[in-house]
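Below you'll find the structure, written out as structure tokens, and then a few comments.
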Amino acid sequence: MANYGPADIQLLLVGGYDLLVGAITGFKAREEAISEQVNGLGAAWEAHRYVGVRRSEFELDGFYDDATGGIHEALSTASLSTTPAGGRVLCYGVEGTATGADFIGYAGALQIDYERMAVRDELEKVKATFRGSGVVSQGRIVRMLASATASGASTGTPLDNGASNTSGGVGFLQVVDFSGWGAGGAVTVSLVHSADDITYSNLVTFASATAEHRADRQVITGAIQRYAAVNWTASGATGNIRFFVGLSRT
């Protein structure tokens with residue numbers, strides 16, 4: 001058994017915003033299997049039955065931060081103008097930054113409130129709540145959030161899943177920064193896999209990144225081999241892209 005503390009929380013991404021850039025003081029994630037009371041009149045004890053539906057919710061607290069790319073920009077009304085109807089992709093992890101560390105990914109997170117709190121003799125604080133809209137997946141980090149300035153690959157340090165599977169999974173991409181590529185610049189990120197850590201083939205390709213604060217979630221069907229890594233191909237002038245990739249196998 002391993003114990004983890006605040007210093008191990010290095011991953012909290014919502015729609016391509018790195019919320020740990022600001023001062024998040026805490027978050028809470030809940031998942032619930034919804035049930036209904038089914039006992040009738042005359043029963044001495046309550047009886048419940050699962051209805052086959054699950055619910056998820058995510059809450060966070062922090063200090064108000066008006067910096068570019070900070071908490072206020074990420075959570076305020078302006079950032080929601082480009083939010084998909086099903087919510088934004090959310091990823092968080094509490095086990096550090098190593099390849100293979102666990103993370104949680106939301107298919108869609110609907111931001112249902114954003115509070116700014118000002119109290120006498122205290123710093124301004126914020127609070128936000130997200131409700132899950134779709135599947136919540138537990139996966140493993142393939143490439144921790146980091147920058148790149150040209151095409152590259154992580155096949156030298158792949159994720160070792162221990163064995164292949166045959167039932168597919170889900171890939172997650174979060175792009176926090178995309179700058180300096182010039183007109184028409186783009187970076188295409190792909191998950192690749194291998195049975196022997198020698199020969200890699202394409203597993204899934206995400207939508208090309210052409211701007212910052214973007215996220216993508218791709219469902220993978222079919223087999224996923226033992227080893228997984230990331231390839232990224234840049235076009236345009238030399239620039240910077242800072243991105244994260246995770247994989248959840250079914």
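Numbers for residues simply follow the sequence, beginning at 1.
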Take S151 and T233, measure what side-chain hydrogen bond (donor to acceptor under 3.5 Å, both in side chains) needs, and give me the verdict at the end.
-> CA-CA 4 Å; S151 300; T233 304; 4.9 Å; no

Is a donor on one side and an acceptor on the other found under 3.5 Å between the side chain of [X] and the backbone of [Y]?
X	Y	value
S248	Q138	yes
S167	T250	yes
N161	S164	no
R217	V170	no
D216	F206	no
D113	T129	yes
Q174	G16	yes
R140	G100	yes
N165	I224	yes
Q111	L75	yes

Report yes if the side chains of [X] and [Y] come closer than 4.5 Å at any heavy-atom pair, otherwise no.
X	Y	result
F243	V230	yes
L13	D18	yes
E59	R30	yes

Roughly how far apart are [X] [atom1] and [Y] [atom2], rounded to 0.5 Å?
X	Y	atom1	atom2	value
E95	Y4	CD	OH	4.0 Å
E73	H213	CD	NE2	5.0 Å
S154	N231	OG	CG	7.5 Å
Q218	F172	CD	CZ	11.0 Å
D65	L123	CG	CG	12.0 Å
S133	I112	OG	CD1	11.5 Å

Single-linkage hydrophobic cluster, 4.5 Å side-chain cutoff, [X] and [Y] together:
X	Y	result
Y227	I220	no
L90	V135	no
F130	I24	yes
Y92	L60	yes
L19	L11	no

Nearest heavy atoms of [X] and [Y], plus distance in Å:
X	Y	answer
G69	Y17	O-CD2, 3.9 Å
S194	D197	OG-N, 2.9 Å
Y106	A29	OH-CB, 4.1 Å
S190	N202	CB-OD1, 3.3 Å
A101	G96	CB-O, 4.1 Å
A211	V175	O-CG1, 3.9 Å

ring-ring contact (aromatic ring centres under 6.0 Å, His included) against F244, all qualifying residues, sequence neighbours excluded = F103

Go through the steps for F27 and I9 under the test side-chain contact (heavy atoms from CB on, under 4.5 Å), then give the verdict.
-> CA-CA 10 Å; F27 64 75; I9 300 173; 3.7 Å; yes

Would one find more than 12 heavy atoms of other residues, nucleotides or ligands at under 6.0 Å from atom CZ of R49?
-> no

Pair F58-L12, side-chain contact (heavy atoms from CB on, under 4.5 Å): steps then yes or no = CA-CA 11 Å; F58 187 90; L12 178 53; 3.6 Å; yes

Determine, stepwise, if the pair L159 / I141 fulfils side-chain contact (heavy atoms from CB on, under 4.5 Å).
-> CA-CA 8 Å; L159 166 64; I141 295 171; over 6 Å; no

Taking NZ, NE, NH1 and NH2 as the nitrogens, is one of them in E57 or K28 under 4.0 Å from a carboxylate oxygen of the other?
-> no

List, one per line, each side-chain donor-acceptor pair under 3.5 Å for residues 35-42, sequence neighbours excluded.
unit_1, atom_1, unit_2, atom_2, d
Q37, NE2, N39, OD1, 3.0
N39, OD1, A47, N, 3.0

For R116, all residues meeting side chain to side chain contact (heavy atoms under 4.5 Å, CB included), sequence neighbours excluded | Y64, H72, Y114, V126

Per salt bridge (charged side-chain N to carboxylate O under 4.0 Å, His left out), E32 is matched among R54, R131, R55 by R55

side-chain contact (heavy atoms from CB on, under 4.5 Å) evaluation trace for H193 with L191 = CA-CA 7 Å; H193 62 158; L191 271 166; over 6 Å; no

